[in-house]
Trainee: 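Questions regarding the structure given below will be posed in turn.
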Amino acid sequence: MVDYRVEDQFAILEINNPPVNALSLHVREGLLNGVLRASADNNVKAIILIGKGKTFPSGADIKEFSRPGKAPWLPEVGHTIESSNKPVFSALHGTALGGGLEIALFSHYRIAEKTAKVGFPEVHLGLLPGAEGTIRLPRLTGLVIAMEMITSGRQVSAKEALKFGIVDKVVEGNLLKETKAFAKSVLGQPLEPRKLSLCGVKDADQVDKYYEAALKELLKKYRGVIAPVSCLKSIRGSAQLPYKEAAELERTLFSELMSGAQSAALRYSFFAERAASRWNLPNGASSANSKPLTIKSAAVIGAGTMGSGIAICLIRSGIPVILVEQNEKMLENALRNIGYILQGSVKLGRMTVDQRSDCLRILQGAASIEKLKDVDIVIEAVYENLKLKQEIFEKLDKICKPTALLCSNTSTLDIDLIASVTSKPDRVAGTHFFAPAYIMKLLENIYGSKTSPITVATIMDLGKKIGKISVLSKTCDGFIANRMNKIGTEAAFLVEEGALPHDIDQVLEDFGMPMGVFKVSDLSGIDIGWSIRQEMAKKQGITLTLETHYVSGERYSSLADRLYNLGRLGLKTGKGWYRYNNASNSRKPIIDPDVTDMILNHCEKLRIKRRQISPQEIIERCLYATVNEGFKILEEGVAEKPEDIDIVWQYGFSFPRYRGGPMFYASQVGLKKVYERICYYHESFPYSKHWLPSDLLKKLVSHPNEVPINLWMNYTNSKL
Ligand SMILES: CC/C=C/CC(=O)SCCNC(=O)CCNC(=O)[C@H](O)C(C)(C)COP(=O)(O)OP(=O)(O)OC[C@H]1O[C@@H](n2cnc3c(N)ncnc32)[C@H](O)[C@@H]1OP(=O)(O)O
């Protein structure tokens with residue numbers, strides 16, 4: 001794991017633990033023994049630590065965090081490095097992160113290859129740099145930079161690292177050769193001034209001022225997240241306490257974070273995200289054995305908000321797009337809007353003026369789909385109507401080249417039904433983007449019963465290329481995301497039973513959702529849900545009224561229909577579940593007594609006796625109903641693994657990452673407890689089939705060893 005050799009009186013300790021040279025036990029042992037051996041060797045003048053392959057260590061081995069660990073620990077290795085009688089040089093390339101950067105900070109000198117990046121990403125794992133990184137970095141950079149880097153987890157370039165004083169030199173070419181050359185230039189100089197444990201923090205006297213300012217920012221930016229504040233406390237300690245005591249404080253704070261629920265969820269999320277990119281189809285095809293096609297050109301059909309957003313994602317990644325829209329005016333508007341949106345990105349510094357021009361150069365509008373015969377992929381994004389989509393796919397089937405992939409941005413419709421009108425159903429799939437498509441990171445890809453592995457591989461790969469997190473779902477009504485989302489349904493029932501919309505929103509926001517369900521509904525428009533419900537009623541041959549309380553034996557709430565009838569369509573009309581001050585163009589929701597009256601009237605008409613509803617019940621009803629459906633989704637193979645579901649929720653619905661996702665959250669609450677509450681709610685609400693307990697969940701609780709889906713438990717200490 002650490003190869004030791006001596007060259008030109010340099011002991012070279014080459015860390016070899018692919019893929020990222022994580023500091024696993026054997027690496028720590030190798031470093032410790034190597035430094036001791038080199039220190040005792042009279043033929044060695046200096047020691048060089050370097051990573052083999054693509055990087056210097058990118059951190060501690062995160063997989064080890066969920067198991068009882070073994071000495072030597074990183075600080076022990078670090079102090080052995082610092083106290084060596086020979087100068088130690090860390091030669092950085094790739095991503096020198098976390099524990100990797102800490103090892104470098106224990107070294108006496110740091111040389112970085114020009115493209116290297118350094119940083120402390122621990123905060124993204126709900127941790128702080130636990131091997132004295134919070135004590136050492138401020139000694140090099142001063143407090144402000146250390147606070148910014150450690151609490152944000154930002155990686156900085158070699159050039160910036162040089163400016164901040166983190167590295168001593170940036171080199172090009174052969175890193176080892178350049179490091180030796182640098183080492184020769186400083187050999188013989190005293191080591192004491194190079195030992196950070198002996199240095200002070202130069203702006204220590206300003207620590208309270210910097211701490212208060214940073215804390216204020218953090219509390220605003222990371223509501224409910226604890227690690228950034230712990231990072232800050234530890235950095236404050238670095239300035240206020242003697243080195244040893246500061247290191248002890250860091251260790252205490254690190255242990256608290258490590259044993260907490262937030263870090264468990266964030267570590268799980270790290271691996272879940274990577275697991276979601278790996279897929280297996282029931283026919284044995286998988287991401288490991290299927291090669292994607294190269295997509296060189298694309299078309300998007302429909303220039304509405306979704307279509308335009310999808311076009312932006314593609315052109316931003318250099319894929320030329322033909323945007324098709326029959327309505328000329330709409331097409332013109334869409335092309336103009338895309339220009340404005342990209343202009344906004346320039347203003348925000350996310351792209352340059354030239355990059356914007358390059359994007360617009362590869363975008364063209366077209367009024368008919370006849371022009372699409374040469375494109376590699378078509379993404380249809382017209383409104384959610386099966387007949388319309390089938391008509392389009394039938395035409396595309398005749399016009400497009402036989403190898404072209406035909407995809408639909410449907411959020412609910414069966415891909416098999418869409419594919420059935422084509423002669424090449426193996427080339428048909430769903431690519432479900434989330435609004436606004438150019439911002440939201442999730443791409444929910446859907447395969448039908450005839451979709452080929454190449455098609456799946458290509459859309460999953462395309463997602464990655466355009467900067468999305470791709471998750472694969474089998475086709476079904478609503479796929480993973482929309483089928484599983486029961487929050488809106490239960491929230492409406494809770495309002496009928498006694499809660500008010502702002503009570504529910506508050507509880508959901510306190511839980512960590514960025515916005516409550518009723519605020520979201522106002523933002524997207526009350527008419528959207530209304531049309532979906534009307535469409536559903538039409539399909540079932542029924543008429544919905546304001547008194548409708550059951551549909552096909554299922555409980556139904558007509559509260560949102562009442563809002564629609566009152567013309568309260570949400571933010572766009574200045575009134576919805578909340579009121580908005582349109583005169584001042586404010587998007588701030590204001591609690592509206594008219595809505596409360598409307599709710600009380602509704603309950604009176606339907607003879608619903610209202611009661612006090614606790615925050616606990618709100619969370620349970622909204623989340624456990626969703627979790628129950630999640631287990632049904634797993635049971636049916638719609639999602640292959642719980643990680644896929646959780647990633648859909650994190651990136652599609654902004655579920656707080658520090659809670660892992662609904663499935664992980666349930667595992668932390670305890671699946672047995674969740675199951676019991678689902679059974680209780682099923683008994684209480686027999687007319688809501690989403691409370692019918694999932695068989696898989698029942699089995700998991702009663703015979704866990706017979707169910708092979710406990711994947712997430714590999715990463716955490718979740719309990720049943
Ligand atoms: C007391 C000491 C405390 C120390 C605290 C720490 O050091 S905590 C760890 C801090 N470091 C990190 O958080 C870095 C995490 N890794 C990354 O950000 C990225 O992996 C990367 C290093 C920037 C490389 O990105 P890239 O896109 O090139 O590759 P992947 O992300 O796909 O990763 C490749 C595989 O490596 C696994 N992996 C990455 N980092 C670690 C790690 N620190 N420990 C264990 N495993 C790691 C990753 O899971 C991938 O493996 P798969 O099998 O493909 O999932």
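For reference, positions follow the sequence shown, starting with 1. Remember, it's 1-based here, ligands and their atoms both numbered in the order they're listed. Excluded from the calculations below are hydrogen atoms, water molecules and symmetry mates; all remaining heavy atoms, backbone and side chain alike, are included.
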Trainee: Purely on distance, is any nitrogen or oxygen of Ser58 under 3.5 Å from one on ligand 1?
Mentor: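 So ligand 1 has an N or O lying under 3.5 Å from an N or O of Ser58.
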Trainee: Angle between ring planes, Phe254 versus Phe65, binned at 30° and 60°: parallel, tilted or perpendicular?
Mentor: perpendicular
Trainee: Suppose we call two aromatic rings close when their centres sit under 6.0 Å apart. Are His79 and Phe106 close by that rule?
Mentor: yes
Trainee: Which of parallel (below 30°), tilted (30 to 60°) and perpendicular (above 60°) describes Tyr268 and Phe664?
Mentor: parallel
Trainee: Is the closest N or O pair between Ile62 and ligand 1 shorter than 3.5 Å?
Mentor: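 So ligand 1 has an N or O lying under 3.5 Å from an N or O of Ile62.
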Trainee: Answer side chain, backbone, both or neither: which part of Ala60 comes under 4.0 Å from ligand 1, heavy atoms only.
Mentor: both
Trainee: Would you say atom 32 (O) of ligand 1 has a protein heavy atom nearer than 4.0 Å?
Mentor: yes
Trainee: Is the closest side-chain donor-acceptor distance between Ser197 and Glu82 under 3.5 Å?
Mentor: yes
Trainee: Under 4.0 angstrom from ligand 1, any heavy atom of Arg278?
Mentor: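 So Arg278 counts as touching ligand 1.
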Trainee: Please confirm whether Gln155 comes within less than 3.5 Å of ligand 1 when only nitrogen or oxygen atoms on both sides are compared.
Mentor: no
Trainee: Contact between Glu640 and Asn280 at the side-chain level, heavy atoms closer than 4.5 Å - yes or no?
Mentor: yes
Trainee: With nothing but distance in play, are any N or O atoms of Phe270 less than 3.5 Å from an N or O of ligand 1?
Mentor: no
Trainee: Using a 6.0 Å cut-off, check whether atom CZ of Arg350 has over 12 heavy atoms from anything other than its own residue.
Mentor: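 Open.
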Trainee: Apply salt bridge (Lys or Arg N to Asp or Glu O under 4.0 Å) to the pair Arg136 and Glu102, showing each step before the final yes or no.
Mentor: CA-CA 8 Å; Arg136 288 177 170 260; Glu102 283 171 317; over 6 Å; no
Trainee: Under the 6.0 Å and 45° cation-pi test, does Arg657 pair with Phe655?
Mentor: no
Trainee: Heavy atom under 4.0 Å from ligand 1: found in Leu125's side chain, backbone, both, or neither?
Mentor: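 Side chain only.
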Trainee: Under 4.0 Å, heavy atoms only, figure out whether ligand 1 is touched by the backbone of Phe271, its side chain, both or neither.
Mentor: side chain
Trainee: Examine Arg659 relative to Phe511 and say whether NZ or CZ is less than 6.0 Å from the centre of the six-membered ring and inside a 45° cone about the ring axis.
Mentor: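 Relative to the ring axis of Phe511, which defines the angle, Arg659 lies inside both limits.
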Trainee: For side-chain contact (heavy atoms from CB on, under 4.5 Å), just list the numbers for Ile47 and Phe89, CA-CA rounded to whole Å, side-chain angles, deciding distance to a tenth of an Å, and then say yes or no.
Mentor: CA-CA 6 Å; Ile47 302 166; Phe89 297 83; over 6 Å; no
Trainee: Looking at atom 34 (C) of ligand 1, what's its closest protein heavy atom, distance included?
Mentor: Pro19 CG, 4.0 Å
Trainee: Say whether Pro121 and ligand 1 are in contact under the criterion: heavy-atom distance to a ligand atom below 4.0 Å.
Mentor: yes
Trainee: Could you work out, for atom 5 (C) of ligand 1, the closest of Glu122, Lys117, Glu64 by heavy-atom distance?
Mentor: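 Nearest heavy atom to atom 5 (C) of ligand 1 lies in Glu122.
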Trainee: Ligand 1 versus His124, non-hydrogen atoms closer than 4.0 Å: side chain, backbone, both, neither?
Mentor: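 Under 4.0 Å from ligand 1, His124 contributes no heavy atoms.
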Trainee: Check for a donor-acceptor pair, side chain of Ser234 on one end and backbone N or O of Cys231 on the other, with a separation under 3.5 Å.
Mentor: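 Flag not set: sc Ser234 to bb Cys231 has no pair under 3.5 Å.
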Trainee: Which residue owns the protein heavy atom closest to atom 41 (C) of ligand 1, what's the atom, and how far is it?
Mentor: Val20 CG2, 3.7 Å
Trainee: Are any of the heavy atoms in Lys54 under 4.0 Å away from ligand 1?
Mentor: yes
Trainee: With a cut-off of 4.0 Å, which atoms of ligand 1 are near a heavy atom of Thr95?
Mentor: 22 (C)
Trainee: When you measure from the heavy atoms of Asp61 to every atom of ligand 1, does any distance fall below 4.0 Å?
Mentor: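 Checking ligand 1 against Asp61, which is what was asked, there is a heavy-atom contact under 4.0 Å.
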Trainee: Do ligand 1 and Glu102 have nitrogen or oxygen atoms that lie under 3.5 Å from each other?
Mentor: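 Such a contact does not occur with ligand 1.
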Trainee: Is the closest heavy atom of Trp73 to ligand 1 under 4.0 Å?
Mentor: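 Not so, Trp73 does not reach ligand 1.
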